[in-house]
**Student:** 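Sending over a structure as structure tokens; questions will come in a sec.
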Amino acid sequence: MAVTRTTLKTCFSGRICLIAVRVRLVAAGPAGYRGTVPELPEVEALAADLADRAVGHRVTRVDLVAINALKTYDPPLSAAHGREVVDTGRYGKFLDLVLDGGLHLVTHLSRAGWLHYRDALPPAPPRPGKGPIALRVHLDSGGGFDLTEQGTQKRLASYLVTDPQLVPGVAKLGPDALAVDLDGFSAAMRKRRGQVKGVLTDQEILAGIGNAYSDEILHRARLSPFAITDRLSPAQLDALFTAVREVLTEAVTRSVGQHAASLKAEKRSGLVVHARTGLPCPICGDLVREVSFADSSLQYCPTCQTGGKPLADRRLSKLIR
Ligand SMILES: [Zn+2]
């Protein structure tokens, strides 16, 4: 996004000059988000870690710290009190805490959300409006977990429901990126004509892939992020399907077994192109390039993915025009 701002500035001649300055609003969000937004492998690993620690324990209390984080009111949060955690699960990028009696606390961590498990939680509820905690779940072990969200944009969303399908975002999910077969994947990709990067990350087409892993998948499949889905050949679709499976399976294998605290570093260490602008591609040595958008950016390798041609950065083109 580019805006023109007119600024008064003192020129070196000492007179006041009117200077039009074009300001580029930065795009990728706070730098700390790069490569650390939870996607399918991280949510899978968070669910596995939480199952290890929480299953078999009872919820003693749930503190809603950021009022807007809870999107449901019936049943009330107090309905979770006293219930045993019987399982955890994942729907696309949604995390599910399954309680006995068929109650589910389903959470979408969004871009800057995370889960922090603690062996001992202070008994007093956290003060609202202070710090990143959105919701705190106390267990009868004395431990429990915080669902947190960094930054000023608050998008983390929790739902207490009797069926995960009652969560609108879950009900709309396409097939899971790790569960779909080649035919289902090809059908999903052909469902919407568009740039493959956008279609791969559309949760209603295919569930679980976000900005970072789509960069990695397209690099593995040697496809331009701007390739148009309905022009992909069967061989390209096959390569893309294989890349989805390989990249996500490798990431899940690396991540599951890691505690929540070490997952972000694990994710970053496995990335080949995403968030690596200007660094050499490990396959061909060409420099990784970036295209920026209003609130995100993508990275790719020209030699591996676009026949050596850099893609137009429309944000920069707009500035030059
Ligand atoms: Zn390369």
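Every number for a ligand or one of its atoms is a count from 1 in the order of the listing. Numbers for residues simply follow the sequence, beginning at 1.
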**Student:** Taking the basic N atoms (NZ, or NE/NH1/NH2) and the acidic carboxylate oxygens, is any pair closer than 4.0 Å for E39 and K267?
**Tutor:**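 Yes, charged N to carboxylate O under 4.0 Å.
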**Student:** Scan V272, L248, I209 and name whichever one has a side chain to side chain contact (heavy atoms under 4.5 Å, CB included) with E216.
**Tutor:**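 The passing option is V272.
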**Student:** Is the shortest side-chain N to carboxylate O distance from E44 to K93 below 4.0 Å?
**Tutor:**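 Judged by the 4.0 Å cut-off on N to carboxylate O distance, E44 and K93 do not form a salt bridge.
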**Student:** Keeping to distances under 2.8 Å, can you name the protein N/O/S atoms close to the Zn ion (ligand 1)?
**Tutor:**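 Protein N, O or S atoms closer than 2.8 Å to the Zn ion (ligand 1): C281 SG, C284 SG, C301 SG, C304 SG.
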**Student:** Return the orientation label for the F226 and F293 ring planes: parallel under 30°, perpendicular over 60°, tilted otherwise.
**Tutor:**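 Aromatic pair F226/F293 classed perpendicular.
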**Student:** Charged N to carboxylate O below 4.0 Å: is that the case for R190 and D230?
**Tutor:**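 No.
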**Student:** Identify each donor-acceptor pair in which a side-chain atom of residues 173-180 lies under 3.5 Å from a protein atom, sequence neighbours left out, and give them as a table.
**Tutor:**
residue, atom, partner, partner atom, Å
D176, OD1, R90, NH1, 2.8
D176, OD1, R90, NH2, 3.3
D176, OD2, R90, NH2, 3.1
D176, OD2, L178, N, 3.1

